[in-house]
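Taking it in order: structure first as structure tokens, then the write-up.
Remember, it's a predicted structure, so these values are computed and weren't measured experimentally. Just follow the structure's listing: the first ligand is 1, and inside any ligand the first atom is 1.
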Amino acid sequence: MSEASNPSRTAPTPASSGAPAVSVPRTLAGQKALVTGANSGIGRAVAIALGQAGADVVVNYVVGDDAAQSVVEEVRRGGVRAFAHQADVSSEEQVEAMFARACTELGTLDILVNNAGLQRDAPFATMTLAQWNTVIGINLTGQFLCARAAIREFLRRGVVPSVSCAAGKIICMSSVHQEIPWAGHPNYASSKGGIKMMMESLAQEVAPHHIRVNSIAPGAIRTPINTAAWNTPQAYTRLMTLVPYGRIGEPEDIARAAVWLASDQSDYVVGTTLFVDGGMTLYPGFATGG
Ligand code: NAD
């Protein structure tokens, strides 16, 4: 019987507002993970799911000590180690210090989930350089800095067959906007388009070392980053014209994909973007003939 089909080796997923409740198999037992932007939304759900799957987890955050601590406590319910670490992912110095602490306290690192991100929206003509630089600095440069630190540790340690087939796994949180242009959000869409090419170039470079780098491209997920898109009936109805599957995504929908991409279940998946978007990238405007 495989681990996935053995109910005695599963942990319950906390109920959420919409995503189906399922059990998480302990496919990451003994692995060490770091999740950026893990005290809110998608990062929070990913950190908790990694813990349920058996990984020790570093919960990165930049502001919000209490929220970070509550995620740490939820992760520990999976019977694993977890701690919060405050760092701005756009700061080279802070990122280096965070990875040094992670490797010291946990021994090494097997999984990075490059999740931290934000929006600073404005029409192109009035967008300030500060709005542009903030989004590129956190969403794209932040992923570069964290991925570089993780790669150095993966290369140093190599494959440990008793832990995983791979020498390390990186999951970049991209967006459907790595494909779909987004008027009024050129900085955000550019950052996600940049993540696509950074991820694929890195995946190509490090695959020979048995390091797997992939992305998840979420569609519309119910988190604080996009509250205005779902928090009134009118907004929700309008959003559903873009989602063939007919419901908003929940953070747990992304968390399950992240656990799979981090596990040996996806061992031959390299340099791919997994769209978890309820069909948003299927050009729903053409569903009735265009
Ligand atoms: P969120 O606002 O709930 O979470 C974002 C997290 O990033 C927060 O914890 C925030 O504190 C953290 N963060 C911001 N700046 C940081 C910095 N400088 N250093 C460290 N952490 C920082 O939003 P979310 O929806 O959970 O977003 C998570 C990721 O998912 C982002 O990369 C976002 O672009 C992506 N995404 C979200 C959606 C969606 O619909 N919610 C869709 C596509 C992609």
Side-chain angles (χ1 to χ4, degrees), residues 16-19 34-49 58-72 84-95 97-99 112-121 133-147 171-180 182 185 187-196 198-199 215-231 235-236 239 242-243 247-255 257-258 273-278 280-281:
S16 74
S17 43
L34 189 153
V35 184
T36 65
N39 65 344
S40 177
I42 291 170
R44 175 182 184 280
V46 168
I48 292 167
V58 181
V59 174
N60 161 253
Y61 71 106
V62 67
V63 289
D65 302 310
D66 291 349
Q69 205 44 50
S70 92
V71 175
V72 165
H85 185 96
Q86 185 173 24
D88 175 349
V89 295
S90 67
S91 159
E92 182 175 30
E93 190 185 354
Q94 292 180 36
V95 167
M98 174 168 69
F99 278 80
L112 165 65
V113 182
N114 245 340
N115 168 77
L118 46 62
Q119 292 177 215
R120 292 287 182 267
D121 309 327
N133 282 341
T134 297
V135 171
I136 299 296
I138 293 168
N139 293 15
L140 182 57
T141 308
Q143 291 215 10
F144 157 70
L145 290 171
C146 293
I171 298 162
C172 298
M173 206 56 71
S174 185
S175 164
V176 290
H177 294 296
Q178 74 170 38
E179 296 290 337
I180 303 175
W182 205 12
H185 310 72
N187 47 359
Y188 184 83
S190 300
S191 73
K192 298 302 185 179
I195 286 168
K196 175 181 189 288
M198 184 195 75
M199 180 279 288
S215 287
I216 296 173
I221 310 300
R222 193 196 310 267
T223 76
I225 208 173
N226 61 355
T227 308
W230 51 263
N231 74 341
Y236 192 87
L239 180 63
L242 301 174
V243 185
R247 72 164 171 86
I248 194 169
E250 303 293 345
E252 291 76 13
D253 289 309
I254 306 302
T273 298
L274 177 57
F275 286 80
V276 184
D277 68 352
M280 187 179 261
T281 38

Could you see which bit of [X] sits under 4.0 Å from ligand 1, with heavy atoms only: side chain, backbone, both or neither?
{"X": "Ala116", "value": "both"}
{"X": "Ile42", "value": "both"}
{"X": "Val176", "value": "neither"}
{"X": "Ala217", "value": "neither"}
{"X": "Asn115", "value": "both"}

Once the angle between the rings of Tyr188 and Trp182 is folded into 0 to 90°, is it parallel (under 30°), tilted (30 to 60°) or perpendicular (over 60°)? perpendicular
Lys196 side, atom NZ; Glu179 side, atom CD - distance, nearest 0.5 Å: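 Atom-to-atom, Lys196:NZ and Glu179:CD are 6.0 Å apart.
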I'd like to know if the side chain of [X] and the backbone of [Y] have a donor-acceptor N/O pair within less than 3.5 Å.
{"X": "Asn114", "Y": "Ile171", "value": "no"}
{"X": "Asn187", "Y": "Asp121", "value": "no"}
{"X": "Gln86", "Y": "Tyr61", "value": "no"}
{"X": "Tyr236", "Y": "Ile248", "value": "yes"}
{"X": "Asn60", "Y": "Ala87", "value": "yes"}
{"X": "Asn39", "Y": "Gly64", "value": "yes"}

Can you check whether [X] has an N/O within less than 3.5 Å of an N/O in ligand 1?
{"X": "Gly37", "value": "yes"}
{"X": "Ile221", "value": "yes"}
{"X": "Tyr61", "value": "no"}
{"X": "Ser90", "value": "no"}
{"X": "Val89", "value": "yes"}
{"X": "Asn139", "value": "no"}

Suppose we measure from [atom] to each protein heavy atom; which comes out shortest, and what is that distance?
{"atom": "atom 33 (C) of ligand 1", "result": "Tyr188 OH, 3.5 Å"}
{"atom": "atom 43 (C) of ligand 1", "result": "Pro218 O, 3.4 Å"}
{"atom": "atom 23 (O) of ligand 1", "result": "Ile225 CB, 3.4 Å"}
{"atom": "atom 16 (C) of ligand 1", "result": "Val62 CG1, 3.6 Å"}
{"atom": "atom 44 (C) of ligand 1", "result": "Ser174 O, 3.2 Å"}
{"atom": "atom 1 (P) of ligand 1", "result": "Ser40 OG, 3.6 Å"}
{"atom": "atom 18 (N) of ligand 1", "result": "Asp88 OD1, 2.8 Å"}
{"atom": "atom 41 (N) of ligand 1", "result": "Thr223 OG1, 3.1 Å"}

Check whether more than 12 heavy atoms from other residues, nucleotides or ligands sit under 6.0 Å from atom CG of Asp66, and answer yes or no. no
Between [X] and [Y], which heavy-atom pair has the shortest distance, and what is it?
{"X": "Asn115", "Y": "Met173", "value": "OD1-CG, 3.5 Å"}
{"X": "Cys146", "Y": "Thr36", "value": "SG-CG2, 3.9 Å"}
{"X": "Pro218", "Y": "Ile221", "value": "CB-CG1, 3.7 Å"}
{"X": "Ser191", "Y": "Asn139", "value": "OG-ND2, 3.2 Å"}

Which of the atoms in ligand 1, numbered in the order shown and given with their element, are less than 4.0 Å from a heavy-atom of [X]?
{"X": "Asn60", "value": "20 (C), 21 (N)"}
{"X": "Ala220", "value": "40 (O)"}
{"X": "Asn226", "value": "39 (C), 40 (O), 41 (N)"}
{"X": "Gly41", "value": "3 (O), 26 (O)"}

Looking at ligand 1, does [X] have a heavy atom less than 4.0 Å from it?
{"X": "Thr36", "value": "no"}
{"X": "Lys192", "value": "yes"}
{"X": "Gly249", "value": "no"}
{"X": "Ala87", "value": "yes"}

With side-chain contact (heavy atoms from CB on, under 4.5 Å) as the criterion, how do Asp253 and Arg247 come out once you've worked through the C-alpha distance, each side chain's angles and the decisive distance to 0.1 Å? CA-CA 12 Å; Asp253 289 309; Arg247 72 164 171 86; 2.9 Å; yes
Out of Gly117, Gly219, Ser175, Gly43, indicate the one that has the non-hydrogen atom closest to atom 38 (C) of ligand 1. Gly219
Identify which one of Val58, Val113, Val59 satisfies the side chain to side chain contact (heavy atoms under 4.5 Å, CB included) criterion when paired with Leu34. Val58
Report the C-alpha distance between Cys172 and Met198 in whole Å, list the side-chain angles of each, state the deciding distance to 0.1 Å, and finish with yes or no for side-chain contact (heavy atoms from CB on, under 4.5 Å). CA-CA 10 Å; Cys172 298; Met198 184 195 75; 4.3 Å; yes
